[in-house]
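What you are looking at is a predicted structure, and each value in this text was computed from that prediction instead of being measured.
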Amino acid sequence: MFKVFLFLLLAIPIGAFTQDKACDTVLFSETNLLKHIKSLSSDTFEGRRTGSQGGQKAQKYIINQLYSLGVVPLVTDYKQPFRFIEKGKHYKGMNILGFVKGTDFPDDYIVISAHYDHEGIKQGEIFNGADDNASGISALFSFAEYFRSHPPKHSIIIAAFDAEELGLQGSKYFLKSTILNSKDVVLNINMDMISRSDDNELYVVGASDNKMLKATIQGGMYSSKIKLLIGHDGYDGLENWIYSSDHAGFYKKGIPFLYFGVEDHEDYHEPTDTFENIHPEFYIEAVKIIISVFNRIDKRKI
């Protein structure tokens, strides 16, 4: 997660609900979800720094998974290359973009996103980035798996953004590109740090200012195991997360968004953000909740 520290007025609790029917069914392979986060946060990927060998390995891993799950490329070979300069250094980035055509509203696009880059290697230590953000990328695979048996009504762009840690560069480039008219994007669902919480709390940002999204989220019954909270959006005295990850660019363009994330923890941007320190039960339940929220929104034209 790329943090901008803005402090602005109690989180609005959705509360701990009874289990939603959607969460009682098999949405995705829980075993595969954990396998992917473990793999992507292993030393093999060397912290997935933008432009590094580990980052390139992550690209191949993501492409292979999308292909095997039947997600077609939005662009040639799924790859959207871009260049940028950050602090005087030249970088080559690569977004990975997949496409699932909607059954009812094929011309309206929901972008489901997560960034795959992290901090790489610093002073000989690998910053594995399990929660930040192998957790979001692995959840993208669960969405793709879910769509195989539950085709979405809106068209879906599955976006694995690069260079989030270097100033949200991948999502900025995606939104500036001519691949898609931003007017056709009706929603962004962004996932960044969703695999651990000592308080069993998952936050959703972006609903406070959107009556439809707020009513949809508050009207759902998602989980008896963890709490889904509306907050961190500038109205509750908590740190404002509106600009903290790749959803920021969508917000600036006036595109509705929902960002799912957890509070910072002691391993945030530390080499100890490893698979061993995530909370597997929380993580599985969080992904179920996010898919359930998506289902409620996808049911009718946005």
Asks: Specify the closest pair of heavy atoms between Asn188 and Ser113, including all atoms of both residues, with the distance to one decimal.
Replies: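 Residues Asn188 and Ser113, closest heavy atoms: ND2-OG, 3.1 Å.
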Asks: Between Asn64 (side chain only) and Lys60 (backbone N and O only), is there a donor and an acceptor less than 3.5 Å apart?
Replies: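 Pair found, side chain donor or acceptor close to backbone of Lys60.
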Asks: Looking at Tyr91 versus Phe82, is the centre-to-centre ring distance below 6.0 Å?
Replies: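 No, the ring centres sit 6.0 Å or more apart.
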Asks: Check whether Val287 and Val111 end up in the same hydrophobic cluster, where Ile, Leu, Val, Met, Phe, Trp and Tyr are linked by side-chain heavy atoms less than 4.5 Å apart.
Replies: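 In one cluster: no.
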Asks: Indicate yes or no: does Lys172 engage Asp246 in a salt bridge with an N to O separation below 4.0 Å.
Replies: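 Here Lys172 does not pair with Asp246 in a salt bridge, since their nearest N and O are not under 4.0 Å apart.
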Asks: Has Ser52 got a side-chain atom pairing as donor or acceptor with Arg48's backbone, closer than 3.5 angstrom?
Replies: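 Checked: no pair found.
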Asks: Should Asp233 and Asp209 count as side-chain neighbours, where that means a heavy-atom distance under 4.5 Å?
Replies: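 No, too far: nothing below the 4.5 Å cut-off.
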Asks: Thinking salt bridges, do Arg49 and Asp117 make one under a 4.0 Å N-O criterion?
Replies: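 Judged by the 4.0 Å cut-off on N to carboxylate O distance, Arg49 and Asp117 do not form a salt bridge.
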Asks: Has Asn133 got a side-chain atom pairing as donor or acceptor with Gly136's backbone, closer than 3.5 angstrom?
Replies: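 Judged by distance alone, yes, a pair lies under 3.5 Å.
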Asks: Quick one: name the residues clustered hydrophobically with Ile121, using the 4.5 Å side-chain heavy-atom rule over I, L, V, M, F, W, Y, and just say none if it's on its own.
Replies: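 Under the 4.5 Å side-chain rule, Ile121 groups with Ile126.
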Asks: In terms of ring plane angle, is the pair Tyr61 and Phe45 parallel, tilted or perpendicular, where the classes change at 30° and 60°?
Replies: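 Perpendicular: the ring planes of Tyr61 and Phe45 meet at over 60°.
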Asks: Does any N or O in the side chain of Ser155 come within less than 3.5 Å of the main-chain N or O of Pro106, such that one atom is a donor and the other an acceptor?
Replies: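 Judged by distance alone, yes, a pair lies under 3.5 Å.
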Asks: More than 12 heavy atoms of other residues, nucleotides or ligands under 6.0 Å from NZ of Lys35: yes or no?
Replies: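 Atom NZ in Lys35 is crowded, with more than 12 foreign heavy atoms closer than 6.0 Å.
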Asks: Between Ala114 and Met191, what is the shortest heavy-atom contact and its length?
Replies: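 What the structure gives for the nearest pair is CB-O, 3.4 Å.
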Asks: For residues Leu202 and Leu229, determine if any side-chain heavy atom of one lies less than 4.5 Å from a side-chain heavy atom of the other.
Replies: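 No; the side chains remain at least 4.5 Å from each other.
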Asks: Within this structure, what is the CZ-CG distance for the pair Phe141 and Asn32, rounded to the nearest 0.5 Å?
Replies: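 So the CZ of Phe141 and the CG of Asn32 are separated by 10.5 Å.
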Asks: Of all the heavy-atom pairs spanning His154 and Arg300, show the shortest one and how long it is.
Replies: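 So the minimum-distance heavy-atom pair works out to CE1-O, 3.1 Å.
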Asks: Give a yes or no on whether the backbone of Ile226 and the side-chain of Asn200 come within a donor-acceptor separation of less than 3.5 Å.
Replies: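 Checking the backbone N and O of Ile226 against the side chain of Asn200, no donor-acceptor pair under 3.5 Å is found.
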Asks: Is any side-chain heavy atom of Ser244 closer than 4.5 Å to a side-chain heavy atom of Tyr259?
Replies: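 Yes - at least one pair of side-chain heavy atoms lies under 4.5 Å apart.
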Asks: Could you check if a side-chain atom of Asp162 sits within less than 4.5 angstrom of a side-chain atom of Gln169, using non-hydrogen atoms only?
Replies: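 The answer is no; the side chains never approach within 4.5 Å.
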Asks: Is Ser42 reaching over with its side chain to a backbone N or O of Ser39, donor-acceptor style, under 3.5 angstrom?
Replies: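 Pair found, side chain donor or acceptor close to backbone of Ser39.
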Asks: Would you call Lys288-Glu30 a salt bridge at under 4.0 Å N-O?
Replies: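 A salt bridge links Lys288 with Glu30.
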Asks: Quick one: do Val71 and Ile179 end up in the same hydrophobic cluster if we chain Ile, Leu, Val, Met, Phe, Trp and Tyr together by side-chain heavy atoms under 4.5 Å apart?
Replies: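 Shared cluster, no.
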Asks: Taking atom CD1 of Ile110 and atom CD1 of Ile302, what is their separation to the nearest 0.5 Å?
Replies: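 Nearest 0.5 Å value for the CD1-CD1 distance: 4.0 Å.
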Asks: Nearest heavy-atom pair of Pro152 and Phe147: which atoms, and what distance?
Replies: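 What the structure gives for the nearest pair is CD-CD2, 3.8 Å.
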Asks: Do Val185 and Val293 belong together in a cluster built from hydrophobic side chains that touch within less than 4.5 Å?
Replies: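 Different clusters.
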Asks: Testing Trp241, Phe161, Phe257 one by one against His247 for a ring pair (Phe, Tyr, Trp, His ring centres under 6.0 Å), which residue passes?
Replies: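 Of the listed options, the one satisfying the test is Phe257.
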Asks: Between Lys122 and Glu119 (salt bridge meaning N to carboxylate O under 4.0 Å), is one present in this structure?
Replies: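 Answer for the salt bridge query: yes.
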Asks: Quick one: OG1 on Thr50 to NE2 on His115, what's the gap to the nearest 0.5 Å?
Replies: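 So the gap between those two atoms works out to 9.5 Å.
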Asks: Between Phe143 and Phe294, does the ring centroid distance fall short of 6.0 Å?
Replies: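 Yes, ring centres under 6.0 Å apart.
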Asks: Tell me, with the steps shown, if His118 and Asn128 meet side chain to side chain donor-acceptor pair (under 3.5 Å).
Replies: CA-CA 7 Å; His118 193 53; Asn128 299 94; over 6 Å; no
Asks: Nearest 0.5 Å please: distance from the OG atom of Ser41 over to the CG atom of Asp131.
Replies: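 One gets 10.0 Å once the value is rounded to the nearest 0.5 Å.
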Asks: Can you measure from CG (Leu175) to OG (Ser177) and round to the nearest 0.5 angstrom?
Replies: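 Going from CG on Leu175 over to OG on Ser177, the span is 7.5 Å.
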Asks: Using the ring centroid of each side chain, check whether Phe28 and Tyr146 are separated by less than 6.0 Å.
Replies: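 Judged by ring-centre distance (under 6.0 Å), Phe28 and Tyr146 do not meet the cut-off.
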Asks: Has His279 got a side-chain atom pairing as donor or acceptor with Ser197's backbone, closer than 3.5 angstrom?
Replies: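 Pair found, side chain donor or acceptor close to backbone of Ser197.
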Asks: Side chains of Ile62 and Tyr78: does their closest heavy-atom pair fall under 4.5 Å?
Replies: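 No, too far: nothing below the 4.5 Å cut-off.
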Asks: Taking C-beta and beyond as the side chain, do Asp298 and Asp104 meet within less than 4.5 Å on heavy atoms?
Replies: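 The answer is no, as the side chains (C-beta and beyond) never meet within the 4.5 Å cut-off.
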Asks: Could you check whether any side-chain heavy atom of Ser135 comes within less than 4.5 Å of a side-chain heavy atom of Ile278, counting everything from C-beta outward?
Replies: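 No; the side chains remain at least 4.5 Å from each other.
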Asks: Which pair of heavy atoms, one from Ala139 and one from Ile194, lies closest together, and at what distance?
Replies: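 Minimum heavy-atom separation between Ala139 and Ile194: CB-CD1, 3.8 Å.
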Asks: Does Thr272 form a side chain to side chain donor-acceptor pair (under 3.5 Å) with Glu270? I'd like the steps, not just the answer.
Replies: CA-CA 5 Å; Thr272 48; Glu270 295 291 338; 5.4 Å; no
Asks: Using 0.5 Å steps for rounding, measure from the CD1 atom of Ile289 to the CG atom of Leu228.
Replies: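 Output value for this atom pair is 6.0 Å.
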Asks: To check you understand the geometry: which heavy-atom pair defines the closest contact between Ala144 and Ile158, and what is its length?
Replies: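 Closest approach of Ala144 to Ile158: CB-CD1, 3.9 Å.
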Asks: Hey, do the aromatic rings of Phe84 and His90 have their centres closer than 6.0 Å?
Replies: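 Judged by ring-centre distance (under 6.0 Å), Phe84 and His90 do not meet the cut-off.
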Asks: Identify whether Phe105 and Tyr109 are in the same connected component of the hydrophobic contact network (ILVMFWY, side-chain heavy atoms under 4.5 Å).
Replies: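 No, separate clusters.
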Asks: Looking at Lys38, I want to see if its NZ is surrounded by more than 12 non-hydrogen atoms of other residues, nucleotides or ligands under 6.0 Å.
Replies: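 Atom NZ in Lys38 is not packed in, count stays at 12 or less.
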Asks: Check whether Asn210 reaches the backbone of Leu213 with its side chain - one donor and one acceptor, N or O, closer than 3.5 Å.
Replies: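 Yes.
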Asks: Checking Tyr268 side chain against Asp132 main chain: does a donor-acceptor pair fall under 3.5 Å?
Replies: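 No.
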Asks: Treating Ile, Leu, Val, Met, Phe, Trp and Tyr as nodes and any side-chain heavy-atom pair under 4.5 angstrom as an edge, say whether Leu66 and Leu97 lie in one connected cluster.
Replies: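 Leu66 and Leu97: separate clusters.
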Asks: Whether the side chain of Arg83 engages the backbone of Lys92 through a donor-acceptor N/O pair (distance < 3.5 Å, no angle test) should be reported.
Replies: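 Side chain of Arg83 to backbone of Lys92, a donor-acceptor pair under 3.5 Å: no, none is there.
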Asks: Does Glu86 have more than 12 heavy atoms from other residues, nucleotides or ligands lying within 6.0 Å of its CD?
Replies: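 Counting neighbours around CD of Glu86, more than 12 heavy atoms of other residues, nucleotides or ligands fall under 6.0 Å, so yes.
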Asks: So does Lys79 have more than 12 non-hydrogen atoms from other groups sitting under 6.0 Å from NZ?
Replies: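 Check fails, neighbour count at 12 or below.
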Asks: Side chains of Tyr116 and Gln59: closer than 4.5 Å at any heavy-atom pair?
Replies: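 Side-chain contact under 4.5 Å: yes.
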